[in-house]
Every structure is written in C-alpha cells, then in structure tokens.
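It should be emphasised that the depicted structure is a prediction, and the values quoted were computed from it without experimental measurement. Counting starts at 1 for both ligands and their atoms, following the listed order.
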Amino acid sequence: MGKACLRSPRAPILLRISSGLARHLRAGRRVEAAPKPDTLRRMHPDVAASLAATDPLLSSLIAQEERRQRDKIRLIASENYASEAVLAATGSVLTNKYSEGYAGKRYYEGQQIVDQIEGLAISRAKAVFGAEHANVQPYSGSPANLAVYFAFLKPGDTVMGMALPAGGHLTHGWNVSITGSFFRAVQYGVRKDTHRVDMDEVRDLARKERPKVLFAGGTAIPRTIDFPAYAEIAREVGAVFVADIAHIAGLVAAGVHPSPVPVADVVSSTTHKTLRGPRGGMILCKEAHAKAIDRAVFPGLQGGPHNHQTAGLAVALAEAQTEAFKVYAAQIVKNAQALAAALTARGFALITGGTDNHLILADLTPKNVPGKVAAKALDAAGIVLNYNSIPFDPRKPFDPSGVRLGTAAVTTRGMKEAQMQQVAAWIDEVVQHPADAALHARIAGEVAELCQGFPAPGCA
Ligand code: DSN
C-alpha cells in the first residue's frame, strides 16, 4: 500500500483510524475528548458521526455499552477487551465481501485482498501455535466444534467429552446440544473429592465406550489440562483427540499453559477470550486432517467466512507474538492466583482450592448465598461475573451454587495483584450483604473510580 493511498482522503476507514491512533500513540497520550453523554468517544470521528446521524438510538446504546465496559470490573472468564487495532480491523469494509471457498479456490471474484488477509491469519495462527494446519473461518467456537464432528463422525457415532456441570462445554456432547442429540455422547466428570479430572476414570470409560472422538477442555476448568494423558488414551482406543482450548488459547499462545498442539489431532478454539481477538473461532490440526477439517467447515457447515473477523484475528495473532503479550498472559495467571488467595482468605470455597489459569470457580454455599443472587448483587456493585454450576451441584443450572470469575479483561486494563486484593474485598462485602442496595451503589462508585486509573481499550 503506497503512501499516496495513506494520504488520500478516500483512504479506507481502517487506515484512517489507524493513522489517527498512531498519532495519539506517538503523542504518548490517550484520546481525551470532553465527556458528552451518549456519544461514542473512541470511534474515529467520521465513523462515530455517521453512525450517530444514521441511527442515533443505536449509537447511543453502543456509547452506553462502551461506558459500562469502562466503568465496571469485568470478571466474566470468557470476556476480554480486544485492542483498538483489532476493533478497527473488525469494523472495516471487509464486512462487505463474500469469499466462499479457500484462497485460490473461491466461488466469487474480487478476492485479491481477502486471500492475502486470510493467508496472513492462517500463517500467523500456525506460527503462534506451532500448528501444521489452520482453518480461521469458523464463525465461533460452537461452529468450530460442529465442524470437527462433521469431519470425523456420522450421526449416532460415539463422542466423549467432559460433562457441562463438571466444567465441560455444551458442544462436547451435553444432552441439550445438537452434539448430544445427533451423536451418542458419553460424558466424563471430575472426582467428588478433588473436583479434578481423574485420568484413570477417563481411560476406563474410553476403553469401555470406544469413542471415535475424545474432547478435552471446557468452560469452567480452573486447573492445567493434562493433554498428553488425553492423547495417550485417544491413541489407545483409536479416537481422534480434540483439545478445545477456547478459554486458554492466549495462555497457550504465550507458553503459560502447556500446548496441546504437539499431541492433539485437532485443536479447536474461540479467538476472543484470553487470546483477545475478535469474536470468532479457529481450528488447528495435523496436516493429515487438513482436508477433512477444511471440507467440514466449508462447504460442510458454513457459507462465506466473515472476513472482517478474519482480519481482526490476524491482528490479534500478530499481537500474540509480541513480548508484551507474553507478559500479559503471565500476569493473567498471577492475578487469578492473587484473587483466588484473597477470596480464600475471606472464607470463599474455591473449587479445587484455587487456580492454575485465568479462571476461578467459587462455591458460595458456605456464604449462604445462591450464585445467581450474588452475581446480580455484584453486577449492581459494578463487578460483573456469571453464576455457574459447580461440580455435583445440588441446585439447578439456572439457579446454581457458584460463581465463575476470570482475570483476562482486568489484566488487559493493567490491573495487578494489589487491585485483586481490593476486588476480593468488594466481592466479600457484597456477598455478605446481597440485598443492600445502598452498599452496592457505594461500591459501584468506588469501582468506577478505580477503573479510571486503568484505561480499557476501545472505551475511552
Ligand atoms: N460461553 C462461553 C463461556 O462463557 O465460557 C463458552 O462458550
């Protein structure tokens, strides 16, 4: 791209946004506009003005969400703040382009640029994770996993995955999911005494049930996953081993969690959790499975890839290769462990007693508060997390005993161990007084004040 294009008033919005950001970065300061109610302050002025003129209601709603993300402590373990560069790529004209197929074999013309963008995302994904093959087209994690089913299973075949209430994911064969209805799903859980996966139990079950696909991973696993042990079991029973690293992809990319890539046949992931990309999915696999995976994604499951998403992912993968990202990922874990220790000191019962990664699962039974009541009170106090089932939960999934917390988003804002102490103190106060609206309002104010010192990307 020549300089003329960069200077042109008709330069693509992406470039205009980037050069604006670059100026601010060079000046070493944040974008400081006078706060006006319901205006988008981080968006490029042209873009923000156009949205406000076309759809003032929506513009105002986005501005409100921007402020919510700015003023609250976001502890939802699957959320993060994508960088402004990722947001810029995701909000670009790439949303206008259809490109069914793969580079060099598309069903539409005009792919000169899109082929390069998808190629960049693929080569970066392979480099970041050391993978033989990458497919960056899945719309998100569930479609990525469905493509894996389509690649390796026929309806009625046996799949084995971790049960949802034990910390697994819906798409690993849980009964209400299509994966538990169209396939014969066998589920493993965690031990009652340790709340950890017992690999001997997984092996025994796999030997008995002979799954064609074995999933590792999930949504509420606070401990390191023993990928080599799963791989060995899968090999023994002749199953395809799929590691779903949606939650820990950023930690794996940074070497903070062991990588499944050397031992897994297939690795599926979302791109927006600890990896900090745009909403999306991807599949990494051994070269031997490349054709089956690519065919399953397109034309098997999806139509045209979301090129704006692919571009955002390419940016996130470039960011993931930096030293700063390694430091970030290590800090996520330090923060989670500091938060876990502070909560434990305040009498919280943590599933498995703590965490090795970004995620904490707390059983609130000893605090005499249901998870949902606590989550709603905390939200009112400016601390956002989700209520969550705990293993062997005596309560129903919609009204469970626990809450789940994660530190990916607060770490992106630059919060460290000291702030985790404060967050634990606030959580404890709210959980002790879940019906005290005045207390919640006071803490929400304190939270917003703390947040002012920790800029949230994209949220001014
Ligand atoms: N919904 C995601 C999570 O919160 O963990 C998983 O798909």
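Remark: F150 CZ is loosely packed, at most 12 non-hydrogen atoms of other residues, nucleotides or ligands lying under 6.0 Å away.
When atom types are taken as modelled, the side chain of T412 and the backbone of A408 share a donor-acceptor pair closer than 3.5 angstrom. Between the side chain of R191 and the backbone N or O of D198, no donor-acceptor pair lies under 3.5 Å. Judged purely by atom type and a 3.5 angstrom limit, T179 uses its side chain to pair as donor or acceptor with the backbone of L170.
Judged as a side chain to side chain donor-acceptor pair (under 3.5 Å), and not counting sequence neighbours, the contacts of R404 are S78, H247, N386.
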**Request:** Test Y328 against F325 for ring-ring contact (aromatic ring centres under 6.0 Å, His included), laying out the working first.
**Result:** CA-CA 5 Å; Y328 161 66; F325 190 86; 5.4 Å; yes
Close N/O pairs between ligand 1 and protein, under 3.5 Å:
| from | atom 1 | to | atom 2 | distance (Å) |
| --- | --- | --- | --- | --- |
| ligand 1 | 4 (O) | S78 | OG | 2.7 |
| ligand 1 | 4 (O) | R404 | NH2 | 2.8 |
| ligand 1 | 5 (O) | H247 | NE2 | 2.7 |
| ligand 1 | 5 (O) | R404 | NH1 | 2.9 |
| ligand 1 | 7 (O) | H169 | NE2 | 2.9 |

